[in-house]
Number of protein chains: 2
Amino acid sequence: MTTNSWLTALQENGYRLTSARRAVVEKMAHTRTALNPLEVYDQTRAACPGLGLVTVYRTLEKLEELGLIQRVHQPGGCNAYLPSAHGHQHLLICRACGKAEYFEGDNLDEFFARVGQQNGFTISEHWLQLFGLCPTCQAK
Amino acid sequence: MTTNSWLTALQENGYRLTSARRAVVEKMAHTRTALNPLEVYDQTRAACPGLGLVTVYRTLEKLEELGLIQRVHQPGGCNAYLPSAHGHQHLLICRACGKAEYFEGDNLDEFFARVGQQNGFTISEHWLQLFGLCPTCQAK
DNA sequence: GCTATAATTGAAAAACGTTTTCATTATGAC
DNA sequence: GTCATAATGAAAACGTTTTTCAATTATAGC
């Protein structure tokens, strides 16, 4: 179960397991849509009533540091998070509801390296994201 | 000259030409590195002493609305702007100095459409950006 | 060129998201 | 159970962006 492996990862890195962290991890490990800190806060208070927004920020920070979640940049904002893809994958995001799918880019790395060479750049990272409407939001 | 065509575009859209706008346009039309509002402000005050930061924000907003500049998302922040590419191009950005190059993606659109289809999404936009070090910053 | 009108300006204040501070609480090792 | 200390939530601080507002300035019409 993902939740437990995330909690183990926190523990193995010297972080304590608290009810606040359990609740945030439970939410983030299973979300299929990108959530920003306030959304995580709102959707987690039911499971952890006393939860503070500050703690959400701090927990997201740790999960990102451990590579369990990743920040997602969208036209409407750049503070939402998703569970990280396994290996390097690219994102397909619904503009309406934030639902995300991962996809693989066949041999894009080769192309990216060539572009870098042609411009004299050394490439260290790339972002590839597609935006559109998911099946559910198309129907609305 | 780019500056004049930008000023004409502003005028044709009902905006007045002021010394503040001329100064910001002069700066943005020629920059090769992504600049955020504060950087534009600092680098434009010499040419327009009384300039206010608020006016920089408002002018950038109009230039973006007219499609003359585009917002650039980077690992370190998402509030910098570059002159827009002609046609749809992709970005190669230096992590150190913000210098940007545009490049074309051969037949990526076809690939993107296929990914959308496979997931039942209709694709309306895509972002492709490479990050690395430009020749100048590699030497440092 | 002069005037009238309305857009634009900069300063200050407000709003917003995020981070820091700090006293209190709770975890985990012993 | 005790203890050291990590983690918490409330409040305050912070930096960025937006709004408000009175004064200024560009432009169209004369």
N/O donor to acceptor pairs below 3.5 angstrom from side-chain atoms of residues 116-123 of chain A, sequence neighbours left out:
residue : atom : partner : partner atom : Å
A:N119  : ND2  : A:V115  : O            : 2.9

Below 3.5 Å, can you tabulate the donor-acceptor pairs from side chains in residues 49-69 of chain A to any protein atom, sequence neighbours excluded?
residue : atom : partner : partner atom : Å
A:T59   : OG1  : A:T55   : O            : 2.8
A:E65   : OE1  : A:Y15   : OH           : 3.3
A:E65   : OE2  : A:Y15   : OH           : 2.9

Inset, instruction - Hey, could you give me each pair passing side-chain hydrogen bond (donor to acceptor under 3.5 Å, both in side chains) that has a residue in residues 131-140 of chain B? Not counting sequence neighbours. - result: none

Check side-chain hydrogen bond (donor to acceptor under 3.5 Å, both in side chains) between [X] and all other residues, then give those that pass, not counting sequence neighbours.
| X | answer |
| --- | --- |
| A:R71 | A:Y81 |
| A:H126 | A:H88 |
| A:Q11 | none |

Legend entry - Members sharing B:L133's hydrophobic cluster (side chains within less than 4.5 Å): none

Inset, instruction - Using the heavy-atom set of chain B and a strict 4.0 Å cut-off, write down the first and last nucleotide of DNA chain D that makes it in, 5' to 3'. - result: D:dT16 to D:dT27

Inset, instruction - Would you mind building the protein contact string for nucleotides 22-30 of chain C? One character per nucleotide, 5' to 3', B for base within reach (heavy atoms under 4.0 Å), S for sugar-phosphate only, - for untouched. - result: ----BBS--

Inset, instruction - May I ask you to decide if the ring planes of B:H90 and B:F103 are parallel, tilted or perpendicular, using 30° and 60° as cut-offs? - result: tilted

Inset, instruction - Mind listing the residues from residues 42-51 of chain A sitting with a heavy atom below 4.0 Å of DNA chain D? Number order is fine. - result: A:G50, A:L51

Inset, instruction - Could you grab the distance from atom OG1 of B:T33 to atom CD of B:E39, nearest 0.5 Å is fine? - result: 7.0 Å

Inset, instruction - Decide whether B:W6 and B:V40 are clustered together by the hydrophobic rule: side chain heavy atoms of Ile, Leu, Val, Met, Phe, Trp, Tyr closer than 4.5 Å, transitively. - result: yes

Legend entry - Closest-nucleotide ordering on DNA chain C, the 5'-leading residue of A:L38 and A:V54: A:L38

Inset, instruction - Please list, by residue number, the residues of residues 70-84 of chain B whose heavy atoms come closer than 4.0 Å to an atom of DNA chain C; answer none if no residue qualifies. - result: none

Inset, instruction - Answer whether the closest heavy-atom distance between the side chains of B:K99 and B:I93 falls below 4.5 Å. - result: no

Inset, instruction - Please state how far atom OH in B:Y57 lies from atom P in C:dA11, giving the value in whole angstrom units. - result: 15 Å

Legend entry - First of A:Y41 and A:G14 reached from the 5' end of DNA chain D, by closest nucleotide: A:G14

Legend entry - Any donor-acceptor N/O pair, B:Q129 side chain to B:H73 backbone, under 3.5 Å: yes

Inset, instruction - Could I get the full list of ring pair (Phe, Tyr, Trp, His ring centres under 6.0 Å) partners for A:F131, not counting sequence neighbours? - result: B:W127

